[in-house]
Asker: 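Can you keep this structure in mind? I'll have questions shortly.
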Amino acid sequence: MQKLVKTFLLLFLVGIGSTQYVIAKVKMNEQQAPIVNQLKKQGILPNKTYYQLDYLPALDNEDRIPNKTLHPSLSHLETIPEMYIMAMQSIAQVQLNENYQYSKVLRLNRNIIEVIYPTDSFQSLDDGVYFYTLDENKQLQPKGSFNEVYKLPCYLRVEKKHGIVVSIQKRGLASISRYIYDYWHNTNLKYLKIERYDTENNIIYDSEVFFDDKGEMVKAIRKNTKTGLYSIENIIHQGEIYSINEFFDNEGNITNRVTNYENTSRVKNEILNKNGKVIKTNNAEPEIFDFDKDLEEPYPYNKLVMNVEKSNALLTDSMFEQGIRDNPKYDEEALKRVQYLGIKPKQVYYHKLPFPSFMAERYKNYPHQAPLTLIEAENQSPQEKYSDLIKVEIDNNYQYKKIDKTKWQQVAISLPSAQLKSLGNGIHFFMINNKGHLTPLNSVEEAIAQPTYVRVEKVMGKIVATLQKTRVQWLTTEFDYKKNSPIRSKLTVIESHVVPKLVIESEYESGQYLPVSQVIKNAQGNIIRTYKTVKKKNIIAILERFDEQGVKTNHIEISKQRDIKNQYLDNKEHVRFTTSDIQDKEHPQLYDELPFNPDGFEMMLFEHFKK
């Protein structure tokens, strides 16, 4: 899941040859000697096991002697806050040789995933951090310390603060890697073996890297032990060529010959037939192992539902990237999440802020935040200049059927104390006239129906907040579905200071963030803009513009090279002139550059309102 982390690590794990990484000579230089002395002062001894956070393979001279803290035990390593930045816990068992260089390392990387889980079992606990495993019947098994769960395939971590359970995480092993180093007599690196394991301690990948006595790599053998695929890379440094890497199938037949070039990422991949003849050439190096794929989570941890609201974006983004395409796994998990939150089909409720944007911050249109009442939702951001109030209706498939968004401008105002003196403690709503006179409203429902209202809050006999709220934007979006994927949306601009009333109808194809077709209608129901993706020779999209009476004014074609052909038409649809600019030179409008998704259009409206 953590593609950013894994892409970085891949440089060290398998890309030694393809990245033309040059190993520096290993000498006890001025920089290393102080580090060794410091390790000795700390009581660090050769051939004894220590623990290190965020270990990376040591290929460069200065990296082979640890410059990060080595810990004698696991105590306190489990709670290091920095690991939440990448949503990964990375702890390695480390042994050093007599020269205080890395000798043996076992690194365990875990995903940190917040989950939705009943808190009843933890109510009697004092504040603190607790560890559990789940048995085959999904029953909690308490563990006394982190030491008991450190090497397990998965465990649960529960944290409680001020009597409240603030975090329930599953921490499953994403990767298990073992590194074995050997050195020449001059302390230069001679050999590095890298092994990847599954959760049952089976080797699933290994890599052997050989170095000459100058510490420069001369050969690398890499193998996927599950598939039997392997490669042998020889570093030759001949002219522009850095290395030749040959790939073999599980029967030992050569399938590819890859040439890596000096000081560049350019490669030449020759694909061979069974007779060893080149049948095709490209510039993509084959992969024998998928380093982006995490180890499988064991049952029943794999049935626990991610808490999207609390989990790190590096984890949730991989789910959001699925877009609107069919995906039974994510659909099932999204449905469980919605049901756990108590949300039901046809339910209407108010939404927590910030509202997750279309596809970028939510999986399809499944909710992942608990419902709010109107009074809870109305004052979620009292200190902000603008505040959103969002009401949703849930469809039979547990996704949003209708999203109603109003945006309010908020201003703190002063009112004569005489008008507020008789108020009891609590929240009160009023209408206000141009002379500042207040007329009480019976409920918050009455208040939000007004274009402007006043909100007064009184606590312990004192007025603590007086806000005047004015609605500045009001839009609704309705969705249609095919199975679980959105296929159509209808956005209606009910109120806006930027554009008149509009209706925007969009159609989507599986996996596409932007609509494949879009139609804009004005308040009279006339079509004023259209967009459609097409599959013509060199044309990918056609836009057409119409005036308020529905008369076509422009026909615009966009080529595969993104060239624009904008034809201006007369009232008989004859071409008056043509430009290469998509902007309308005669009657420009905010909504000229289709397509856009519903949330994108809403943001665009609001940004223009604030200008």
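Throughout, numbering of the chain's residues begins at 1 and tracks the sequence.
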Asker: Quick one: are Tyr117 and Thr119 in side-chain contact, heavy atoms under 4.5 Å?
Answerer: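 Side chain of Tyr117 against side chain of Thr119, heavy atoms only: no contact under 4.5 Å found.
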Asker: Show your reasoning for whether side-chain contact (heavy atoms from CB on, under 4.5 Å) applies to Lys385 and Gln409.
Answerer: CA-CA 6 Å; Lys385 185 176 180 180; Gln409 189 171 21; 3.7 Å; yes
Asker: Check whether Ser496 reaches the backbone of Val498 with its side chain - one donor and one acceptor, N or O, closer than 3.5 Å.
Answerer: yes
Asker: Counting distance only, does the side-chain N/O of Arg107 pair as donor-acceptor with the main-chain N or O of Tyr55 below 3.5 Å?
Answerer: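 Flag set: sc Arg107 to bb Tyr55 pair under 3.5 Å.
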Asker: Is there a donor-acceptor contact under 3.5 Å from the side chain of Gln518 to the main chain of Phe596?
Answerer: yes
Asker: Between Lys469 and Arg455, is there a donor-acceptor pair closer than 3.5 Å when you use the side chain of the first and the backbone of the second?
Answerer: no
Asker: Just by modelled atom types, is the Val516 backbone N or O under 3.5 Å from a matching donor or acceptor in the Thr533 side chain?
Answerer: yes
Asker: Taking the ring centre of each residue, are Phe291 and Phe289 less than 6.0 Å apart?
Answerer: yes
Asker: Salt bridge between Lys352 and Glu309, side-chain N to carboxylate O under 4.0 Å?
Answerer: yes
Asker: Can you find a pair of side-chain heavy atoms, one from Val348 and one from Lys402, that are under 4.5 Å apart?
Answerer: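 They are not in side-chain contact.
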Asker: Identify whether NZ of Lys or CZ of Arg in Lys170 sits under 6.0 Å from the centre of the six-membered ring of Tyr155 and within 45° of that ring's axis.
Answerer: no
Asker: Listed by chain and number, what are the side chain to side chain contact (heavy atoms under 4.5 Å, CB included) partners of Thr452, not counting sequence neighbours?
Answerer: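 Result, side chain to side chain contact (heavy atoms under 4.5 Å, CB included) vs Thr452: Gln468, Thr470.
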Asker: May I ask you to decide if Ile116's main-chain N or O and Asn307's side chain share a donor-acceptor pair within less than 3.5 Å?
Answerer: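 No.
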Asker: Let me confirm one number: the CG-CG distance from Asn379 to Leu467, rounded to the nearest 0.5 Å.
Answerer: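 Asn379 atom CG to Leu467 atom CG measures 6.5 Å (nearest 0.5 Å).
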Asker: When you check the side-chain N and O atoms of Gln473 and Thr406, is any donor under 3.5 Å from an acceptor?
Answerer: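 There is no such pair between these side chains.
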Asker: Taking salt bridge (Lys or Arg N to Asp or Glu O under 4.0 Å) as the test, write out the residues that go with Asp404, two or more places apart.
Answerer: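 So Asp404 forms no salt bridge (Lys or Arg N to Asp or Glu O under 4.0 Å) with any residue.
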Asker: Should we say atom NZ of Lys458 is surrounded by more than 12 heavy atoms from elsewhere, each under 6.0 Å from it?
Answerer: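 Counting neighbours around NZ of Lys458, more than 12 heavy atoms of other residues, nucleotides or ligands fall under 6.0 Å, so yes.
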Asker: Which heavy atom in Lys364 sits nearest to a heavy atom in Asp331, and how many Å separate them?
Answerer: NZ-OD1, 3.0 Å
Asker: Could I get the full list of ring pair (Phe, Tyr, Trp, His ring centres under 6.0 Å) partners for His351, not counting sequence neighbours?
Answerer: Phe355, Tyr400
Asker: Indicate whether the side chain of Tyr102 and that of Gln52 have a donor and an acceptor atom separated by less than 3.5 Å.
Answerer: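 On atom types as modelled, these side chains qualify, holding a pair under 3.5 Å.
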Asker: Tell me whether Lys310 contacts the main-chain N or O of Val166 through its side chain, where contact means a donor paired with an acceptor under 3.5 Å.
Answerer: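 Judged by distance alone, yes, a pair lies under 3.5 Å.
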Asker: Among residues at least two apart in sequence or on other chains, which ones pass ring pair (Phe, Tyr, Trp, His ring centres under 6.0 Å) with Tyr398?
Answerer: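 In terms of ring pair (Phe, Tyr, Trp, His ring centres under 6.0 Å), with neighbours along the sequence ignored, Tyr398 is linked to no residue.
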Asker: Ignoring hydrogens, what is the shortest heavy-atom contact between Asn111 and Ala174? Give both atom names and the distance.
Answerer: ND2-CB, 3.8 Å
Asker: Determine whether the aromatic ring centres of residues Tyr132 and Phe122 are separated by less than 6.0 angstrom.
Answerer: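 Centroid separation for Phe122 and Tyr132: below 6.0 Å.
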Asker: Excluding sequence neighbours, so at least two apart, what forms salt bridge (Lys or Arg N to Asp or Glu O under 4.0 Å) with Arg471?
Answerer: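 With sequence neighbours excluded, Arg471 shows a salt bridge (Lys or Arg N to Asp or Glu O under 4.0 Å) to Glu495, given in chain and number order.
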Asker: Going by distance alone, is a donor N or O of one side chain under 3.5 Å from an acceptor N or O of the other, for Asn484 and Asn397?
Answerer: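 The criterion, which ignores hydrogens and geometry beyond distance, is not satisfied for Asn397 and Asn484.
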Asker: Under 3.5 Å, is there a donor-acceptor pair between the Asn442 and Glu446 side chains?
Answerer: yes
Asker: Just by distance, do the side chain of Ser311 and the backbone of Val308 share a donor-acceptor pair under 3.5 Å?
Answerer: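 A pair under 3.5 Å: no.
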Asker: State, yes or no, whether a side-chain contact exists between Ser485 and Asp326 at a heavy-atom distance under 4.5 Å.
Answerer: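 Yes, their side chains come closer than 4.5 Å.
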Asker: Taking atom types as modelled, find out whether Asn202 and Asp198 have a side-chain donor-acceptor pair closer than 3.5 angstrom.
Answerer: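 Looking only at side-chain atoms, Asp198 and Asn202 do form a donor-acceptor pair, the distance falling under 3.5 Å.
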Asker: Count the heavy atoms of every other residue, nucleotide or ligand shown that sit under 6.0 Å from NZ of Lys407, and state whether that count exceeds 12.
Answerer: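 More than 12 heavy atoms, drawn from other residues, nucleotides or ligands, come within 6.0 Å of this atom.
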Asker: Does the side chain of Tyr508 come under 3.5 Å of the side chain of Ser489 through a donor N or O and an acceptor N or O?
Answerer: yes
Asker: Are the side chain of Glu378 and the backbone N or O of Leu374 linked by a donor-acceptor pair below 3.5 Å?
Answerer: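 No, the answer is negative, given that no donor and acceptor are paired below the 3.5 Å cut-off.
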Asker: Under a plain distance cut-off of 3.5 Å, with no hydrogens placed, do Thr133 and Gln141 share a side-chain donor-acceptor pair?
Answerer: no
Asker: How close do Tyr179 and Ser177 get, heavy atom to heavy atom, and via which atoms?
Answerer: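 Smallest interatomic distance, heavy atoms only, reads OH-CB, 3.5 Å.
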Asker: Do the charged groups of Asp395 and Lys401 touch, with an N to O distance under 4.0 Å?
Answerer: no
Asker: For the NE2 atom on His76, are there more than 12 heavy atoms of other groups (residues, nucleotides or ligands in this structure) within a distance under 6.0 Å?
Answerer: no
Asker: With sequence neighbours excluded, tell me which residues meet side chain to side chain donor-acceptor pair (under 3.5 Å) with Glu195.
Answerer: Tyr197
Asker: Examine distances only and state if a side-chain atom of Glu332 and a backbone atom of Lys329 form a donor-acceptor pair shorter than 3.5 Å.
Answerer: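 Here the side-chain-to-backbone pair does not exist.
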Asker: With a sphere of 6.0 Å drawn around CD of Gln123, does it hold more than 12 non-hydrogen atoms of other residues, nucleotides or ligands?
Answerer: yes
Asker: Between Asp599 and Lys405, does the side-chain contact (heavy atoms from CB on, under 4.5 Å) criterion hold? Intermediate values first, please.
Answerer: CA-CA 10 Å; Asp599 290 349; Lys405 295 183 177 182; 3.2 Å; yes
Asker: My understanding is that only residues two or more places apart in sequence, or in another chain, count here; which of them pass salt bridge (Lys or Arg N to Asp or Glu O under 4.0 Å) with Glu361?
Answerer: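 Glu361 satisfies salt bridge (Lys or Arg N to Asp or Glu O under 4.0 Å) with no residue once adjacent residues are dropped.
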Asker: Grab the two heavy atoms, one from Ser387 and one from Gln410, that are nearest each other, plus how far apart they are.
Answerer: CB-OE1, 3.3 Å
Asker: Regarding Thr225 and Asp206, do their side chains bring together a donor and an acceptor under 3.5 Å, going by distance alone?
Answerer: no
Asker: Would you say CD of Glu296 has more than 12 non-hydrogen atoms from neighbouring residues, nucleotides or ligands within 6.0 angstrom?
Answerer: no
Asker: Taking side chain to side chain contact (heavy atoms under 4.5 Å, CB included) as the definition, give me every residue that meets it alongside Tyr84, ordered by chain and number, with sequence neighbours left out.
Answerer: Ile112, Arg157, Gln169, Arg171
Asker: Testing the basics here: between Tyr50 and Pro72, what is the closest heavy-atom pair and its distance to 0.1 Å?
Answerer: CD2-CA, 3.9 Å
Asker: Does the side chain of Lys151 come within less than 4.5 Å of Leu108's, by heavy atoms?
Answerer: yes
Asker: Using the benzene-type ring in the case of Trp, are the ring centres of Tyr51 and His71 under 6.0 Å apart?
Answerer: no
Asker: Mind checking whether Phe320 and Tyr363 have ring centres under 6.0 Å apart?
Answerer: no
Asker: Determine whether the aromatic ring centres of residues Tyr366 and Tyr330 are separated by less than 6.0 angstrom.
Answerer: no
Asker: Please work out whether the ring planes of Phe146 and Phe131 are parallel, tilted or perpendicular, with thresholds of 30° and 60°.
Answerer: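 Phe146 vs Phe131 ring planes: tilted.
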Asker: Go through the structure and list residues passing salt bridge (Lys or Arg N to Asp or Glu O under 4.0 Å) with Asp54, not counting sequence neighbours.
Answerer: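 With neighbours one apart ignored, the set is empty.
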Asker: Count the heavy atoms belonging to other residues, nucleotides or ligands that lie under 6.0 Å from NZ of Lys610, then report whether that count exceeds 12.
Answerer: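 Count over threshold, so yes.
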Asker: List in chain and number order the residues that pass ring pair (Phe, Tyr, Trp, His ring centres under 6.0 Å) with His162, two or more places apart in sequence or in another chain; answer none if no residue qualifies.
Answerer: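 By the ring pair (Phe, Tyr, Trp, His ring centres under 6.0 Å) rule, His162 matches no residue at all.
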Asker: Sequence neighbours excluded, which residues qualify as ring pair (Phe, Tyr, Trp, His ring centres under 6.0 Å) partners of Tyr350?
Answerer: none
Asker: Quick check: closest heavy atoms across Gly163 and Asp127, and the distance to 0.1 Å?
Answerer: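 What the structure gives for the nearest pair is N-OD1, 2.9 Å.
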Asker: Could you list the residues that satisfy side chain to side chain donor-acceptor pair (under 3.5 Å) with Ser121, not counting sequence neighbours?
Answerer: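 Listed in chain order: nothing, the list is empty.
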